[in-house]
Amino acid sequence: MSHLKIQKIAGALGAEISGVDLAEPHDDAVIAEIRAAFVEHQVIFFRDQALSPAQQVGFGRRFGPLNIHPYVAGMADHPEVMEIIKEPSDKTNFGGGWHSDMSFLETPAIGSILHAIDLPDWGGDTLFASQIAAYEALTPAMRATLDTLNAVHSAGREYSATGHSAQKRAAMKVVEAEGAVGEFIHPVVLTHPESGRKALYVNPAFTVRFEGWSRRESKPLLDFLFDHCRSEAFTCRFRWSRGAVAFWDNRSVWHYALNDYPGQRRHMRRVTVDPLPSSIPDLARAAQPATAKD
Ligand code: SIN
């Protein structure tokens with residue numbers, strides 16, 4: 001029998017779950033219920049949690065192996081835990097643009113679990129956008145075209161020496177990407193391995209072009225998709241409270257950390273869940289160079 005109370009927060013995605021203390025060890029049935037809610041609602045939220053880094057790692061590991069970020073240093077004792085801190089003097093924030101975590105990897109992360117440690121008095125909400133809703137809102141003709149395409153993803157724009165995150169090094173401890181960052185190809189439309197639903201899988205932070213297309217050829221269609229995918233009807237907005245936890249599905253959700261709290265501190269901790277090696281679909285392979293020049 002379920003102990004979880006699940007309350008949707010918006011039409012396209014997002015649900016708040018109460019009746020569970022994530023710091024406690026849970027049997028497989030409770031974890032299966034949480035996982036089912038995560039897949040159904042795409043992003044789930046829990047209030048009033050108090051997780052130590054070790055407990056956050058323990059909870060995350062119930063869903064798969066944890067990722068160690070290749071470009072952002074984790075905590076000294078818990079390399080899987082990233083501290084996402086914006087100090088009052090920082091101008092930019094981490095995650096301040098629409099993206100799916102780790103799409104630049106060969107086998108991208110399935111989910112991210114973010115825990116609020118210290119919050120500004122106002123602002124600092126996070127937006128989420130359902131890429132299932134974005135796909136389903138397209139015409140059948142556009143869906144059929146996109147179904148045939150692959151896209152190239154790269155961490156370069158964000159994490160290379162000249163990338164956006166270079167500005168955030170002090171707060172984020174972003175480590176220098178050594179040499180060229182890799183490029184990997186993923187389908188533009190991902191069939192979710194757990195729900196079977198189709199979702200758009202391109203994002204403005206990490207998708208650089210379509211496979212076999214130049215950047216110039218790719219730009220108009222990518223720009224259209226990036227604009228379409230963040231339409232208000234596909235979104236939900238989470239107002240954080242101290243201790244809250246958000247767990248989102250990177251396979252079908254974009255997110256955006258708002259930077260609307262100048263002069264205040266915000267401190268979050270994130271673990272990122274990788275797919276189980278046995279469940280990695282044959283979706284990722286090393287990118288081929290585009291056939292046309294940029
Ligand atoms: C992230 O992009 O993982 C951070 C989101 C947030 O801080 O709200």
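Every value quoted in this text rests on a predicted model; they were computed, and no experiment measured them. Atoms within each ligand, like the ligands themselves, are counted from 1 in listed order. Note that the numbering runs from 1 along the sequence shown for the chain.
Between the side chain of Gln56 and the main chain of Arg269, a donor-acceptor pair closer than 3.5 Å is present.
The nearest protein atom to atom 7 (O) of ligand 1, hydrogens excluded, is given as Arg266 NH1, 2.8 Å; this is a heavy-atom distance. Atom 8 (O) of ligand 1 has as its closest protein heavy atom Thr126 OG1, 2.6 Å. Among all protein heavy atoms, the one lying closest to atom 4 (C) of ligand 1 is Ile84 CD1, 3.9 Å.
Residue Asn203 comes nearest to Trp254 through the heavy atom pair CB-NE1, 3.5 Å, listed as atom of the first residue, atom of the second, then distance.
Short contacts between ligand 1 and His99, defined as distances under 4.0 Å to a heavy atom of the residue, involve ligand atoms 2 (O). Interface atoms of ligand 1 facing Gly95, defined by a heavy-atom separation under 4.0 Å, are 2 (O). Set against the non-hydrogen atoms of Leu114, the atoms of ligand 1 under 4.0 Å away are 5 (C), 6 (C), 7 (O), 8 (O). With ligand atoms numbered from 1 in the order given, ligand 1 contributes 1 (C), 3 (O) to contacts under 4.0 Å with heavy atoms of Arg270. Under a 4.0 Å criterion applied to the non-hydrogen atoms of Ala257, ligand 1 contributes the atoms 5 (C), 6 (C), 7 (O), 8 (O). Close contacts of ligand 1 with Trp248, meaning ligand atoms under 4.0 Å from a residue heavy atom, involve 3 (O).
Taking each of His255, Met102, Met82, Met268 in turn, the one with a heavy atom nearest to atom 2 (O) of ligand 1 proves to be His255.
Shown are Phe238, Phe94, Trp98; of these, the ring-ring contact (aromatic ring centres under 6.0 Å, His included) with Tyr256 is made only by Trp98. Under the side-chain hydrogen bond (donor to acceptor under 3.5 Å, both in side chains) rule, Asp249 has a single partner from Gln131, His192, His41, which is His192.
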| request: Evaluate the salt bridge (Lys or Arg N to Asp or Glu O under 4.0 Å) criterion for residues Asp28 and Arg62: first the C-alpha distance (whole Å), next the side-chain angles of each, then the deciding distance (0.1 Å), finally the verdict. | output: CA-CA 9 Å; Asp28 291 348; Arg62 299 301 304 274; 2.7 Å; yes
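Seen from the ring of Phe63, Arg35 does not count as a face-on cation partner, given the 6.0 Å and 45° thresholds.
Proximity of the aromatic rings of Phe59 and His26 is defined here by a centroid distance below 6.0 angstrom, and this criterion is not met.
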